[in-house]
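Here's the structure we're looking at; comments come further down.
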Amino acid sequence: MSSETAQVSSLPLPPLQYINFYTDENVRRNRAPLPPRPIHDSYQMFGHTFNADDTIIRSLESQGFRRLYPMHFERRRELKKLNHSLLVNFLDLLDLLVHCPDSPKRAEKVEDLSLLFIHIHHLLNEFRPHQARETLRVMMELQKRQRVETAMRFQKHLDKVQDILQNALQSLPDQNDIESNFKVPTEILDHMDCNLSDNANQDPCYELDRIMCNIVDNMR
(Lines give C-alpha, C1' and ligand atoms only; values in the text may rest on other atoms or scores of the structure.)
Protein backbone atom coordinates (compact mmCIF):
# COMPACT_ATOMS: atom_id res chain seq x y z
CA MET A 1 0.00 0.00 0.00
CA SER A 2 2.82 2.37 0.82
CA SER A 3 4.45 1.78 -2.57
CA GLU A 4 1.22 2.73 -4.37
CA THR A 5 0.68 5.89 -2.33
CA ALA A 6 2.08 9.00 -4.00
CA GLN A 7 4.36 11.00 -1.77
CA VAL A 8 3.40 14.66 -1.57
CA SER A 9 5.84 17.22 -0.18
CA SER A 10 5.13 20.82 0.76
CA LEU A 11 8.62 21.79 -0.40
CA PRO A 12 9.42 22.57 -4.06
CA LEU A 13 10.70 19.82 -6.29
CA PRO A 14 14.47 19.41 -6.67
CA PRO A 15 15.93 21.44 -9.57
CA LEU A 16 16.83 18.42 -11.71
CA GLN A 17 13.39 16.90 -11.32
CA TYR A 18 11.83 20.26 -12.18
CA ILE A 19 14.03 20.71 -15.27
CA ASN A 20 12.96 17.34 -16.63
CA PHE A 21 9.47 18.75 -17.16
CA TYR A 22 10.83 21.19 -19.76
CA THR A 23 12.00 18.73 -22.42
CA ASP A 24 11.81 19.67 -26.09
CA GLU A 25 8.88 17.34 -26.59
CA ASN A 26 6.93 18.77 -23.64
CA VAL A 27 7.57 22.32 -24.80
CA ARG A 28 6.55 21.47 -28.36
CA ARG A 29 3.31 19.86 -27.16
CA ASN A 30 2.63 22.58 -24.55
CA ARG A 31 2.95 20.09 -21.69
CA ALA A 32 5.57 22.04 -19.76
CA PRO A 33 4.37 23.62 -16.49
CA LEU A 34 3.39 27.25 -16.72
CA PRO A 35 5.41 29.81 -14.76
CA PRO A 36 3.92 30.90 -11.44
CA ARG A 37 1.51 33.80 -11.57
CA PRO A 38 2.51 37.13 -10.02
CA ILE A 39 1.35 37.60 -6.45
CA HIS A 40 -0.85 40.64 -5.99
CA ASP A 41 -2.16 40.26 -2.44
CA SER A 42 -0.56 38.29 0.40
CA TYR A 43 1.65 35.21 0.60
CA GLN A 44 3.29 33.05 3.25
CA MET A 45 7.00 32.39 3.62
CA PHE A 46 8.67 30.50 6.48
CA GLY A 47 5.36 30.41 8.33
CA HIS A 48 4.82 34.20 8.19
CA THR A 49 2.31 36.16 6.13
CA PHE A 50 3.61 38.93 3.88
CA ASN A 51 1.85 41.45 1.66
CA ALA A 52 2.99 42.17 -1.86
CA ASP A 53 2.73 45.90 -1.22
CA ASP A 54 5.04 45.79 1.79
CA THR A 55 8.44 47.37 1.60
CA ILE A 56 11.43 45.11 1.14
CA ILE A 57 12.80 46.00 4.58
CA ARG A 58 9.91 46.51 6.98
CA SER A 59 10.26 48.56 10.14
CA LEU A 60 10.60 46.92 13.52
CA GLU A 61 7.28 48.34 14.68
CA SER A 62 5.40 46.80 11.75
CA GLN A 63 6.87 43.42 12.71
CA GLY A 64 5.76 43.77 16.32
CA PHE A 65 9.16 44.44 17.92
CA ARG A 66 10.15 47.22 20.28
CA ARG A 67 12.76 49.58 18.92
CA LEU A 68 15.91 49.91 21.06
CA TYR A 69 17.58 52.76 19.18
CA PRO A 70 16.24 56.17 18.06
CA MET A 71 14.79 56.95 14.63
CA HIS A 72 17.83 58.96 13.55
CA PHE A 73 21.07 57.16 14.34
CA GLU A 74 24.46 56.17 13.03
CA ARG A 75 24.36 52.49 12.05
CA ARG A 76 27.96 51.64 12.82
CA ARG A 77 27.75 53.09 16.31
CA GLU A 78 24.44 51.35 17.04
CA LEU A 79 25.79 48.01 15.82
CA LYS A 80 28.73 48.33 18.20
CA LYS A 81 26.40 49.19 21.08
CA LEU A 82 24.14 46.25 20.27
CA ASN A 83 27.13 43.95 20.10
CA HIS A 84 28.35 45.09 23.54
CA SER A 85 24.85 44.73 24.97
CA LEU A 86 24.67 41.25 23.53
CA LEU A 87 27.88 40.22 25.30
CA VAL A 88 26.77 41.76 28.59
CA ASN A 89 23.38 40.04 28.51
CA PHE A 90 25.02 36.74 27.60
CA LEU A 91 27.34 37.02 30.61
CA ASP A 92 24.33 37.87 32.80
CA LEU A 93 22.56 34.79 31.51
CA LEU A 94 25.56 32.62 32.33
CA ASP A 95 25.67 34.12 35.83
CA LEU A 96 21.98 33.31 36.33
CA LEU A 97 22.45 29.74 35.10
CA VAL A 98 25.31 29.24 37.57
CA HIS A 99 23.78 30.82 40.68
CA CYS A 100 20.01 30.71 40.12
CA PRO A 101 19.13 28.28 37.33
CA ASP A 102 15.44 28.30 38.32
CA SER A 103 15.16 32.09 38.39
CA PRO A 104 12.36 33.61 36.22
CA LYS A 105 14.89 36.20 35.03
CA ARG A 106 16.43 33.50 32.86
CA ALA A 107 13.50 33.72 30.40
CA GLU A 108 13.76 37.51 30.44
CA LYS A 109 17.45 37.34 29.49
CA VAL A 110 16.66 34.94 26.67
CA GLU A 111 14.01 37.40 25.46
CA ASP A 112 16.51 40.25 25.66
CA LEU A 113 19.10 38.28 23.69
CA SER A 114 16.53 37.40 21.05
CA LEU A 115 15.51 41.05 20.72
CA LEU A 116 19.14 42.14 20.40
CA PHE A 117 19.76 39.59 17.66
CA ILE A 118 16.65 40.81 15.82
CA HIS A 119 17.89 44.40 15.97
CA ILE A 120 21.35 43.43 14.71
CA HIS A 121 19.80 41.42 11.89
CA HIS A 122 17.52 44.34 10.99
CA LEU A 123 20.37 46.84 10.89
CA LEU A 124 22.42 44.54 8.69
CA ASN A 125 19.47 44.12 6.33
CA GLU A 126 19.26 47.88 5.96
CA PHE A 127 22.69 47.73 4.30
CA ARG A 128 21.32 45.45 1.54
CA PRO A 129 20.35 48.29 -0.86
CA HIS A 130 23.79 49.85 -0.43
CA GLN A 131 25.38 46.43 -1.01
CA ALA A 132 23.30 45.96 -4.16
CA ARG A 133 24.37 49.36 -5.51
CA GLU A 134 28.03 48.67 -4.75
CA THR A 135 27.82 45.22 -6.35
CA LEU A 136 26.28 46.75 -9.48
CA ARG A 137 28.94 49.46 -9.54
CA VAL A 138 31.75 46.89 -9.30
CA MET A 139 30.17 44.79 -12.07
CA MET A 140 29.89 47.84 -14.35
CA GLU A 141 33.48 48.87 -13.63
CA LEU A 142 34.63 45.34 -14.45
CA GLN A 143 32.70 45.37 -17.74
CA LYS A 144 34.12 48.81 -18.56
CA ARG A 145 37.69 47.65 -17.87
CA GLN A 146 37.20 44.55 -20.03
CA ARG A 147 35.82 46.61 -22.90
CA VAL A 148 38.64 49.16 -22.63
CA GLU A 149 41.22 46.35 -22.68
CA THR A 150 39.51 44.80 -25.72
CA ALA A 151 39.51 48.17 -27.50
CA MET A 152 43.21 48.67 -26.70
CA ARG A 153 44.09 45.23 -28.05
CA PHE A 154 42.07 45.94 -31.18
CA GLN A 155 43.87 49.28 -31.61
CA LYS A 156 47.26 47.56 -31.30
CA HIS A 157 46.32 45.02 -33.98
CA LEU A 158 45.01 47.84 -36.17
CA ASP A 159 48.27 49.77 -35.83
CA LYS A 160 50.24 46.64 -36.64
CA VAL A 161 48.18 45.98 -39.77
CA GLN A 162 48.60 49.60 -40.86
CA ASP A 163 52.38 49.33 -40.44
CA ILE A 164 52.45 46.15 -42.51
CA LEU A 165 50.43 47.81 -45.28
CA GLN A 166 52.63 50.89 -45.17
CA ASN A 167 55.80 48.81 -45.48
CA ALA A 168 54.25 46.85 -48.32
CA LEU A 169 53.41 50.09 -50.16
CA GLN A 170 56.92 51.43 -49.64
CA SER A 171 58.48 48.23 -50.98
CA LEU A 172 56.58 48.47 -54.24
CA PRO A 173 58.69 49.75 -57.20
CA ASP A 174 58.13 53.16 -58.69
CA GLN A 175 55.71 53.51 -61.58
CA ASN A 176 58.38 55.12 -63.75
CA ASP A 177 60.72 52.19 -63.17
CA ILE A 178 58.00 49.76 -64.20
CA GLU A 179 57.29 51.67 -67.42
CA SER A 180 60.97 51.94 -68.29
CA ASN A 181 61.46 48.20 -67.90
CA PHE A 182 58.75 47.51 -70.41
CA LYS A 183 60.08 49.97 -73.03
CA VAL A 184 61.85 48.40 -75.98
CA PRO A 185 65.24 49.99 -76.78
CA THR A 186 65.43 51.81 -80.10
CA GLU A 187 68.58 49.89 -81.06
CA ILE A 188 66.67 46.64 -80.91
CA LEU A 189 63.90 48.07 -83.09
CA ASP A 190 66.41 49.37 -85.67
CA HIS A 191 68.21 46.05 -85.64
CA MET A 192 64.88 44.26 -86.04
CA ASP A 193 64.00 46.38 -89.05
CA CYS A 194 67.34 45.62 -90.66
CA ASN A 195 67.00 41.92 -90.05
CA LEU A 196 63.48 41.90 -91.37
CA SER A 197 64.55 43.61 -94.57
CA ASP A 198 67.51 41.24 -95.02
CA ASN A 199 65.69 38.05 -94.05
CA ALA A 200 62.24 38.70 -95.40
CA ASN A 201 61.85 35.06 -96.38
CA GLN A 202 62.82 33.72 -92.96
CA ASP A 203 60.33 32.80 -90.24
CA PRO A 204 59.49 36.00 -88.27
CA CYS A 205 58.80 34.08 -85.07
CA TYR A 206 62.48 33.40 -84.54
CA GLU A 207 63.34 37.10 -84.64
CA LEU A 208 60.52 38.02 -82.27
CA ASP A 209 61.70 35.42 -79.77
CA ARG A 210 65.14 36.88 -79.85
CA ILE A 211 63.77 40.39 -79.28
CA MET A 212 61.85 39.22 -76.23
CA CYS A 213 64.94 37.53 -74.84
CA ASN A 214 66.87 40.80 -75.20
CA ILE A 215 64.09 42.66 -73.39
CA VAL A 216 64.22 40.17 -70.53
CA ASP A 217 68.00 40.46 -70.32
CA ASN A 218 67.75 44.25 -70.11
CA MET A 219 65.19 44.01 -67.32
CA ARG A 220 67.52 41.93 -65.10
Side-chain angles (χ1 to χ4, degrees), residues 1-23 26 31-146:
M1 185 65 181
S2 60
S3 60
E4 297 178 358
T5 303
Q7 294 182 356
V8 179
S9 176
S10 60
L11 300 176
L13 294 175
L16 184 60
Q17 192 172 356
Y18 184 75
I19 290 172
N20 291 333
F21 291 146
Y22 290 90
T23 60
N26 290 342
R31 294 181 179 178
L34 297 176
R37 296 180 179 180
I39 299 175
H40 299 288
D41 45 6
S42 61
Y43 61 95
Q44 287 190 354
M45 183 173 62
F46 301 114
H48 298 280
T49 303
F50 298 92
N51 294 321
D53 298 332
D54 292 340
T55 57
I56 298 177
I57 302 176
R58 298 189 299 170
S59 62
L60 292 171
E61 291 80 4
S62 64
Q63 301 180 48
F65 299 110
R66 178 170 55 91
R67 181 185 291 269
L68 299 179
Y69 48 83
M71 295 296 297
H72 302 285
F73 58 93
E74 203 274 324
R75 288 179 172 82
R76 183 179 300 178
R77 182 182 301 174
E78 293 299 327
L79 281 173
K80 289 182 178 180
K81 290 168 61 177
L82 290 172
N83 190 21
H84 293 162
S85 299
L86 188 67
L87 294 176
V88 171
N89 280 271
F90 182 72
L91 293 176
D92 291 342
L93 178 61
L94 292 179
D95 186 67
L96 284 174
L97 292 176
V98 171
H99 295 90
C100 302
D102 297 331
S103 175
K105 293 184 179 181
R106 183 183 62 180
E108 295 179 3
K109 287 298 177 181
V110 173
E111 292 281 341
D112 294 340
L113 288 173
S114 177
L115 186 61
L116 289 172
F117 275 117
I118 291 173
H119 277 71
I120 293 174
H121 187 265
H122 180 75
L123 286 178
L124 292 177
N125 282 337
E126 289 184 348
F127 282 105
R128 297 301 182 186
H130 175 71
Q131 181 185 10
R133 289 192 297 268
E134 288 298 315
T135 303
L136 182 60
R137 183 183 63 82
V138 171
M139 291 174 59
M140 295 180 66
E141 288 182 353
L142 179 60
Q143 293 178 2
K144 177 184 177 181
R145 183 166 64 251
Q146 291 176 350

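Only a predicted model underlies this, so the values are computations on that prediction, with no experimental measurement involved.
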* To do: Return yes when atom OH of Tyr22 has more than 12 non-hydrogen atoms of other residues, nucleotides or ligands closer than 6.0 Å, and no otherwise.
  => yes
* From His119 atom NE2 to Leu82 atom CG, the distance as rounded to the nearest 0.5 Å -> 7.0 Å
* Asked: Got a sec, which residues hit salt bridge (Lys or Arg N to Asp or Glu O under 4.0 Å) with Glu74, two or more places apart in sequence or on another chain?
  -> none
* Could you state the interatomic distance from CG (Leu124) to CG (Leu79), rounded to the nearest 0.5 Å? -> 5.5 Å
* Structure fact -> Residue set satisfying ring pair (Phe, Tyr, Trp, His ring centres under 6.0 Å) with His122, at least two apart, ordered chain then number -> none
* Asked: Between the main-chain N or O of Gln131 and the side-chain N or O of Thr135, is there a donor-acceptor pair closer than 3.5 Å?
  -> yes
Per-pair distances, 0.1 Å, donor-acceptor, side chain in residues 100-108, under 3.5 Å, sequence neighbours excluded:
from	atom 1	to	atom 2	distance (Å)
Ser103	OG	Lys105	N	3.3
Arg106	NH1	Pro101	O	3.1

* To do: Under the side-chain contact (heavy atoms from CB on, under 4.5 Å) rule, collect the residues that match up with Asn89, sequence neighbours excluded.
  => Ser85, Lys109, Asp112, Leu113, Leu116
* Asn125 versus Arg128: any side-chain heavy-atom pair under 4.5 Å? -> yes
* Structure fact -> So CG of Leu115 and CZ of Phe65: to nearest 0.5 Å the spacing works out to 8.0 Å
* Keeping the roles fixed (side chain from His99, backbone from Asp95), state whether a donor-acceptor pair exists under 3.5 Å. => yes
* To do: Check whether more than 12 heavy atoms from other residues, nucleotides or ligands sit under 6.0 Å from atom CZ of Phe127, and answer yes or no.
  => yes
* Starting at CG of Leu86, measure out to NE2 of His84 and round the result to the nearest 0.5 Å. => 10.5 Å
* Structure fact -> Quick note, salt bridge (charged side-chain N to carboxylate O under 4.0 Å, His left out) partners involving residues 75-86, not counting sequence neighbours, are Arg75-Glu126, Glu78-Lys81
* Structure fact -> Residues pairing under salt bridge (charged side-chain N to carboxylate O under 4.0 Å, His left out) where one sits in residues 133-144, two or more places apart or in two chains, turn out to be Glu134-Arg137, Arg137-Glu141
